[in-house]
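The structure under discussion is supplied below as structure tokens; questions concerning it will follow.
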Amino acid sequence: MIAILIANGVASISKSKQEGKASALKAEELAKEIAKVYREGKLQEIHISEVVVGDLVYLQSGDKIPADGVVCGGTIQVDQASLNGETEEASKTECPVGAKYDMKNLLNFYYVYRGTVVCSGEAFVEVKVVGDKTLFGELALEVQEDTRETPLQVKLGKLAKQISTFGYIGAICIVVGILLKSLLTGDIPGDVYEWIRLIMDAVTVAVTIIVCAVPEGLPMLTSILLSFQSLKMAKDNVLVRKINGLETAGSLSILFSDKTGTITEGKLSVVKFVTGNVKIFDSLKKVNRTLAEDVITGIGINNSATASEGNIIGGNSTDRALISFLLDANAMDKMSKDEVRKFNAFDSTKKTSSVIINYEGSCVTFIKGAPERILARCSYYLDETGKRQKFENMDKLNVYMNAQAERSMRLLAVAKVNGDSDENDLTLVCVLSIRDNVRKEAVDAIQEVKNAGIQVVMVTGDRKETAAAIAREAKLLENDDDVALTSAEMAEKSDDELKAILPKLRVVARALPTDKSRLVRIAQECDYVVGMTGDGVNDAPALKKADVGFAMGSGTEVAKDAGDITILDDNFSSIEKAILYGRTMFKSIRKFLIFQLTVNVAAVLTCFIGPLLGENVVMTVIQLLMINLAMDTLAAIAFGSEPALKEFMKDKPIPRAASIISKNMMIEILISAIYITIICLSILFVSPVKNLFGDVDVTYLKSALFAMFIMAITFNGFNARTEHMNPFEGIGRNKNFLIVMLSIFVLQFNFVTFGGDVLSVESLSPKS
């Protein structure tokens with residue numbers, strides 16, 4: 001009863017805390033979801049849940065689209081990554097009367113989707129579909145409950161059968177042993193009553209052994225472990241939403257990871273820039289003042305984004321990256337938008353944006369955009385000193401740009417021309433290399449995960465060349481036989497062909513939502529324990545189907561609901577921590593099982609061999625139950641606080657089908673149990689040991705055996721908690737263990753000293 005109350009109480013409190021954090025995050029996000037609609041001839045702000053079909057929604061930069069609908073006025077750039085994982089923004093414009101379009105094709109020009117975000121521009125959208133009928137809603141409904149057992153559940157299920165078999169065989173042996181002893185020694189009952197009494201005593205001990213054989217503290221241990229580890233993980237930006245996800249994370253053998261924001265920083269950054277004669281700079285602080293002024297004007301004033309008190313407002317991802325570059329160089333105060341005569345926002349046809357500024361009584365036009373559009377019109381360039389030079393040839397610059405493109409860089413050219421027209425010959429200011437950089441900590445974390453025997457596969461919507469470049473930098477693509485596939489290449493392969501490739505697979509580019517679900521299914525059929533990361537609605541089905549789903553904290557609520565664990569900082573290194581904590585939990589369960597099964601085996605051996613040596617009842621039913629309560633319940637608390645050690649990440653994943661009890665564990669359990677059994681039985685049956693106690697009765701000896709049994713098992717706890725030779729290694733990092741072991745000693749003293757007739761013991765004398 002105590003064990004059940006503690007186990008369920010701890011589990012309920014832990015789950016309540018985790019759900020409370022998740023609910024708070026969800027409520028905070030939902031409160032922000034406001035839509036601007038025209039009703040009764042005026043613009044109103046309402047919650048997105050109140051938007052209905054036929055509403056005219058007004059969208060501006062930064063707005064989240066509240067429903068599916070058709071653009072009926074204006075032009076906007078939309079980030080649809082939450083639905084398709086693509087980092088490239090989609091252009092949406094007014095739908096001509098009678099124009100046809102495919103609503104299922106996310107790249108159509110006229111239809112917008114719930115859950116996507118407006119990056120730039122303004123537009124009016126007529127709502128056509130709301131709620132579950134939207135594409136967002138349909139994807140959410142695909143997320144169904146998965147009844148697939150976790151690896152730990154599979155292993156504990158096998159263990160339960162093994163323990164029950166051991167308990168029943170032990171119980172039968174004890175009954176048979178007691179009866180055989182009576183028959184062989186001639187101590188045969190004289191009447192039916194004595195036979196019934198003998199059989200009842202034997203059966204009672206046997207039933208007690210069955211009870212003791214079952215480690216009922218194990219469910220409580222898992223609850224305590226999950227609770228302790230979940231609280232620790234929350235400090236490491238990992239929120240365990242579904243408690244089984246943690247133990248599964250420790251058994252991962254393959255992890256399908258998103259690129260953007262997980263392996264990379266999730267935002268574009270200016271890496272470096274070059275002049276026309278390929279002089280390379282990585283910071284404005286190292287640039288000649290004349291050239292720096294032109295660079296600042298060309299990317300700072302010619303920009304849709306702006307900075308306010310260190311925060312970047314508006315603009316698309318490229319414009320924000322340029323402003324961030326200027327902020328890092330403390331260059332924002334070196335330009336003045338008071339000089340601006342006219343700003344021309346990005347034109348998707350020309351692939352450029354421009355700004356005309358007043359300059360010393362005349363005007364200068366600065367242009368930035370696609371290098372292929374700008375360089376073709378450049379006759380001059382500014383060298384590293386800011387002087388204008390004639391372009392003789394661009395071969396060296398083209399070679400440099402091709403090399404940067406192969407490294408997944410986005411290239412942006414900046415040029416200028418005197419006058420207010422951008423159609424004349426241009427002077428190249430610089431070419432910037434922009435990229436979503438790989439997180440430095442992610443590279444180390446990926447290496448840790450790979451060292452742990454876990455295969456990491458990057459799944460991204462980017463093109464293959466970009467994905468491969470990022471994968472090489474993240475140390476995912478290292479060997480010649482490592483494989484990178486596109487979605488189209490995957491589609492051409494049968495399931496059997498994909499299974500053959502899977503062990504070498506490292507990158508999947510241009511991935512579709514269906515690709516993720518297929519990868520999970522294929523891996524599970526190959527008996528992998530599968531992890532999947534995701535942030536979009538399109539990721540939700542795969543997150544649900546995976547053995548453990550890692551949802552990103554910045555992702556959609558649908559993804560978070562589908563995932564088991566939420567990575568609050570979107571960082572791959574936090575996934576590595578979740579794996580470490582999961583492995584720590586599995587190690588702790590194994591330590592507990594070594595400890596507890598040693599108790600069980602020693603108890604069965606003692607109660608079986610004792611009658612064969614002449615003593616029907618070595619330990620009474622009450623004594624066995626007291627041992628079981630103290631060892632099972634308190635040991636769960638002791639082993640539930642084991643620290644997470646980095647060395648656990650050097651172990652290989654344990655296969656799903658592998659037993660939770662390894663061969664080495666079984667040897668350790670048997671040796672310890674036999675050793676404890678011999679020590680305890682020697683008190684009753686070995687004369688030299690018996691004589692140490694002097695002239696005492698059998699009850700006194702049994703009391704000493706009872707005390708020795710508890711003491712020996714307690715000492716064995718120090719041995720069970722470490723795989724190394726030193727049993728006290730790292731003991732100071734688990735203070736609960738020391739407290740519990742001391743408590744068991746105190747209980748043992750009280751049991752024997754004050755147990756009396758209830759426990760069938762006598763108080764032990766120090767003289768003995």
Side-chain angles (χ1 to χ4, degrees), residues 32-84 86-97 99 101 103 105-130 134-136 268 300-308 311-323 337 340-356 368-369:
K32 299 175 184 176
E33 296 189 347
I34 301 296
K36 298 183 286 287
V37 301
Y38 269 100
R39 288 182 178 176
E40 299 175 356
K42 59 183 179 180
L43 190 64
Q44 303 178 21
E45 282 193 342
I46 62 173
H47 193 269
I48 62 165
S49 61
E50 298 174 19
V51 173
V52 297
V53 174
D55 269 336
L56 191 64
V57 179
Y58 176 51
L59 297 174
Q60 294 175 295
S61 177
D63 287 346
K64 183 180 283 189
I65 298 174
D68 290 5
V70 63
V71 179
C72 55
T75 300
I76 52 176
Q77 298 291 319
V78 181
D79 178 359
Q80 300 183 142
S82 64
L83 292 178
N84 62 4
E86 292 284 350
T87 56
E88 191 171 341
E89 296 154 4
S91 180
K92 305 289 181 177
T93 189
E94 182 178 350
C95 181
V97 177
Y101 53 88
M103 289 189 297
N105 178 12
L106 295 177
L107 298 179
N108 75 76
F109 292 108
Y110 312 122
Y111 203 76
V112 297
Y113 302 89
R114 178 185 174 185
T116 59
V117 179
V118 179
C119 295
S120 61
E122 296 182 353
F124 293 97
V125 169
E126 182 183 349
V127 176
K128 295 295 185 182
V129 182
V130 297
T134 61
L135 181 60
F136 183 99
L268 294 178
I301 296 180
N302 185 10
N303 199 306
S304 297
T306 187
S308 175
N311 297 317
I312 301 172
I313 302 169
N316 57 28
S317 55
T318 302
D319 282 342
R320 290 194 292 272
L322 297 175
I323 294 296
K337 291 206 172 184
V340 175
R341 181 184 294 185
K342 184 180 180 182
F343 172 65
N344 298 307
F346 181 79
D347 187 322
S348 57
T349 304
K350 293 182 177 181
K351 292 189 176 180
T352 61
S353 66
S354 62
V355 64
I356 303 170
K368 68 174 172 60

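This one's a predicted model, so the numbers in the text were calculated from it and none came from an experiment. Numbers here are sequence positions counted from 1.
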Tell me whether N302 contacts the main-chain N or O of S353 through its side chain, where contact means a donor paired with an acceptor under 3.5 Å.
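Indeed, once roles are kept as given, a pair shorter than 3.5 Å links the two residues.
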
May I have the step-by-step check of side chain to side chain contact (heavy atoms under 4.5 Å, CB included) for F343 and S304, ending in yes or no?
CA-CA 9 Å; F343 172 65; S304 297; 3.7 Å; yes

I356 vs K342, side chain to side chain contact (heavy atoms under 4.5 Å, CB included): CA-CA, chis, key distance, verdict:
CA-CA 5 Å; I356 303 170; K342 184 180 180 182; 4.2 Å; yes

Determine, step by step, whether V112 and I76 satisfy the side chain to side chain contact (heavy atoms under 4.5 Å, CB included) criterion, reporting the C-alpha distance in whole Å, the side-chain angles of both residues, the deciding distance to 0.1 Å, and the verdict.
CA-CA 10 Å; V112 297; I76 52 176; 4.3 Å; yes

Atom of V51, atom of A35 and distance for their closest heavy-atom approach
CG2-CB, 3.9 Å

Rounded distance [0.5 Å steps], CD1 in I323 versus OG1 in T318:
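Rounded to the nearest 0.5 Å, the CD1-OG1 separation comes to 12.0 Å.
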
Please examine the side chains of K128 and D68, heavy atoms only from C-beta on, and report whether any two atoms are closer than 4.5 Å.
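D68 vs K128: side chains apart.
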
Any side-chain heavy atom of N108 sitting closer than 4.5 Å to one from K92?
yes

Go through the steps to decide whether I65 and Y113 satisfy the test side chain to side chain contact (heavy atoms under 4.5 Å, CB included), and finish with yes or no.
CA-CA 7 Å; I65 298 174; Y113 302 89; over 6 Å; no

Does some side-chain heavy atom of E50 sit less than 4.5 Å from a side-chain heavy atom of V37?
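SC-SC contact between V37 and E50 ruled out.
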
Looking at every non-hydrogen atom in both residues, tell me the closest pair between I34 and H47 and how far apart they are.
CD1-CA, 4.1 Å

So V127 and V52, do their side chains get closer than 4.5 Å, heavy atoms only?
no

Starting at CD1 of I312, measure out to CZ of R320 and round the result to the nearest 0.5 Å.
8.0 Å

Any side-chain heavy atom of V71 within less than 4.5 Å of one from F124?
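In short, these two side chains do not touch, never coming nearer than 4.5 Å.
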
Does N303 reach the main-chain N or O of D319 with its side chain, forming a donor-acceptor pair under 3.5 Å?
yes

Hey, is OH on Y58 packed in by over 12 heavy atoms from elsewhere, all under 6.0 Å?
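Yes - once you tally the heavy atoms of other residues, nucleotides and ligands closer than 6.0 Å, there are more than 12.
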
How long is the gap from CG on L56 to NZ on K36, to the nearest 0.5 Å?
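Here the interatomic distance stands at 12.5 Å.
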
Atom CD1 of I48 and atom CG of D63: how far apart are they, to the nearest 0.5 Å?
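Nearest 0.5 Å value for the CD1-CG distance: 11.5 Å.
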
Interatomic spacing from CD1 in I301 to OG in S354 - rounded to 0.5 Å
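Interatomic distance, I301 CD1 to S354 OG, rounded to 0.5 Å: 13.0 Å.
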
What closest approach, in Å, do E126 and C72 show between heavy atoms, and which atom pair accounts for it?
N-SG, 4.0 Å

With heavy-atom distances below 4.5 Å as the criterion, would you say the side chains of Y110 and P96 are in contact?
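Yes, their side chains come closer than 4.5 Å.
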
